[in-house]
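Down below is the structure, laid out as structure tokens.
Excluded from the calculations below are hydrogen atoms, water molecules and symmetry mates; all remaining heavy atoms, backbone and side chain alike, are included. If you're wondering where the values come from, they're calculated on a predicted model, not measured in any experiment.
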Amino acid sequence: MNLLNLFSKDTNKQPVKSEASAHWVKCKSCHSLMYYKEVENQNYVCPKCGFHLRIGVKERLELLADEGSFVEFDSTLKPVDPLNFVDKKSYKQRIEEATKKTGKTSSVVSGSITMNGVSAQIVIFDFAFMGGSLGSVEGEKIVRAVNRAIENKEGVIILSASGGARMQESTFSLLQMSKTSAALAKLANHKLPYISVLTDPTMGGVSASFATLGDIIIAEPGALIGFAGQRVIEQTIGSALPDGFQRAEFLLEKGSVDMIVNRNDLKNTLADLLTILKVN
């Protein structure tokens, strides 16, 4: 070997993933660089500006559920490919990759829960599974959660984190908008409450259906909430939109959201609301 090669720098060599630092997190809002453990200890809320970073189902349950109280239902439901849909990849391949990545078979986890001793049926979207998209399985899980709530005389809580309806299922996914809305109307007929929690992001067909049908609509600080993206809207109407458009604070000001609740206060808020509404 040429001895000069030992001292030459290979400018084409890229660092492998295992070499990348996992100890620092950059806030999407204030762009502060923070130590990962510091953010984790704050339940993934930026200690600088209060921006709420995205979290998964496991972290949600740790924050909300009384210890050992969560019981999952319908975990065996799996999506099918009725259209044999293929874009850059086949739908079956995308499902397999999402399942391998998250360990789940759909973008929704549903079950029963108690919060400060108050029971409810809960549905949590996982954005890591195909962008939290709404498909046939997700719609079915929501309907079954509503039916259990009616049977047990409990309230329903849905925490949304979704890009919208799942394009790979086409009309089958769009039908879930009316299906879930009809189920929630049946819940209302039984005078049982539905609390919708909008997290970052809640978009598309999810925001256009059950996510904005709650008796009480709660949003996390800074959450992106809307139907179409801001650029699409601006191109459609030919006008610039105001600053903060589609953010939780803007929607609260305009009356589309009832309250904004810090993630660390959400459990007590949900339990108190269900207690006030006499759901035990």
Side-chain angles (χ1 to χ4, degrees), residues 43 52 55-77 103-127 129 132 134 137-162 176 179-199 202 206 209-220 223 257-280:
N43 294 319
H52 284 44
I55 59 175
V57 174
K58 179 182 177 182
E59 291 79 13
R60 290 278 177 201
L61 289 173
E62 289 175 351
L63 282 169
L64 296 177
D66 294 340
E67 186 175 356
S69 70
F70 177 72
V71 178
E72 184 177 359
F73 289 93
D74 306 317
S75 60
T76 58
L77 292 182
K104 302 178 182 66
T105 57
S106 76
S107 65
V108 156
V109 171
S110 62
S112 62
I113 190 176
T114 64
M115 298 168 293
N116 296 340
V118 181
S119 64
Q121 294 296 318
I122 192 168
V123 177
I124 305 175
F125 275 76
D126 186 357
F127 194 77
F129 191 103
L134 174 67
V137 169
E138 289 74 20
E140 180 65 19
K141 284 189 175 184
I142 291 172
V143 171
R144 292 189 184 189
V146 171
N147 290 338
R148 289 193 302 271
I150 293 172
E151 182 180 350
N152 299 327
K153 297 182 179 179
E154 297 173 330
V156 172
I157 299 167
I158 301 180
L159 290 95
S160 300
S162 174
Q176 307 311 308
K179 178 178 177 178
T180 53
S181 299
L184 290 168
K186 184 170 67 172
L187 184 76
N189 289 336
H190 284 79
K191 301 188 184 303
L192 295 169
Y194 161 45
I195 301 176
S196 178
V197 182
L198 313 180
T199 73
T202 300
V206 169
S209 56
F210 60 84
T212 49
L213 291 178
D215 299 309
I216 299 174
I217 301 176
I218 299 173
E220 284 192 335
V257 168
D258 295 310
M259 56 199 305
I260 295 176
V261 178
N262 187 288
R263 181 177 293 160
N264 298 315
D265 300 325
L266 187 58
K267 178 179 180 178
N268 291 334
T269 300
L270 291 172
D272 289 346
L273 287 171
L274 291 176
T275 300
I276 291 170
L277 294 168
K278 298 182 179 179
V279 178
N280 295 298

Please answer whether the main-chain N or O of [Y] pairs with a side-chain N or O of [X] as donor and acceptor at a distance below 3.5 Å.
X      : Y      : result
Thr180 : Gln176 : yes
Asp126 : Gly56  : no
Ser196 : Ala211 : yes
Thr114 : Ser119 : no
Gln121 : Ala149 : no
Tyr194 : Val146 : no
Ser181 : Ser209 : no

Next item on the list: Please test Val109 against Arg60 for side-chain contact (heavy atoms from CB on, under 4.5 Å), starting from the C-alpha separation and ending with a verdict.
Entry: CA-CA 11 Å; Val109 171; Arg60 290 278 177 201; over 6 Å; no
When rounded to the nearest 0.5 angstrom, what is the spacing between [atom1] in [X] and [atom2] in [Y]?
X      : Y      : atom1 : atom2 : result
Met115 : Ile122 : CE    : CD1   : 6.0 Å
Asn147 : Ile142 : CG    : CD1   : 12.0 Å
Asp74  : Ser106 : CG    : OG    : 9.0 Å
Glu220 : Leu159 : CD    : CG    : 7.5 Å
Leu266 : Ile218 : CG    : CD1   : 6.0 Å
Leu273 : Asn268 : CG    : CG    : 11.0 Å

Testing the basics here: between [X] and [Y], what is the closest heavy-atom pair and its distance to 0.1 Å?
X      : Y      : answer
Ile217 : Val257 : O-CG1, 3.6 Å
Val143 : Ala183 : CG2-CB, 4.0 Å
Val118 : Ala271 : CG2-O, 4.0 Å
Pro193 : Leu274 : CG-CD2, 4.1 Å

Next item on the list: Could you tell me whether Arg144 sits above the aromatic face of Phe73, with NZ or CZ closer than 6.0 angstrom to the six-membered ring centre and within 45 degrees of the axis?
Entry: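 The answer is no, since Arg144 fails at least one limit relative to Phe73.
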Notebook entry, point to check: What do the steps show when you test Glu151 against His190 for side-chain contact (heavy atoms from CB on, under 4.5 Å), and what is the final call?
Noted result: CA-CA 10 Å; Glu151 182 180 350; His190 284 79; over 6 Å; no
Would you say the side chain of [Y] lies within less than 4.5 Å of the side chain of [X], judging by non-hydrogen atoms?
X      : Y      : result
Phe127 : Thr199 : no
Lys267 : Leu63  : no
Asn43  : Glu59  : no

Item checked: Qualifying residue, where the test is side-chain contact (heavy atoms from CB on, under 4.5 Å) with Ser160 and the options are Val108, Thr202, Val123, Thr212 ->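 For Ser160, the side-chain contact (heavy atoms from CB on, under 4.5 Å) check succeeds only for Thr202.
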Check: Among Val57, Leu64, Leu61, whose side-chain contact (heavy atoms from CB on, under 4.5 Å) with Phe70 holds?
Finding: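 The single option meeting the side-chain contact (heavy atoms from CB on, under 4.5 Å) with Phe70 is Leu61.
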Margin query: Please determine whether a side-chain nitrogen of the Lys or Arg among Glu154 and Arg148 lies less than 4.0 Å from a carboxylate oxygen of the Asp or Glu.
Written below: no
Next item on the list: Test side-chain contact (heavy atoms from CB on, under 4.5 Å) on Ile157 and Ile113 and set out the steps.
Entry: CA-CA 10 Å; Ile157 299 167; Ile113 190 176; 5.6 Å; no
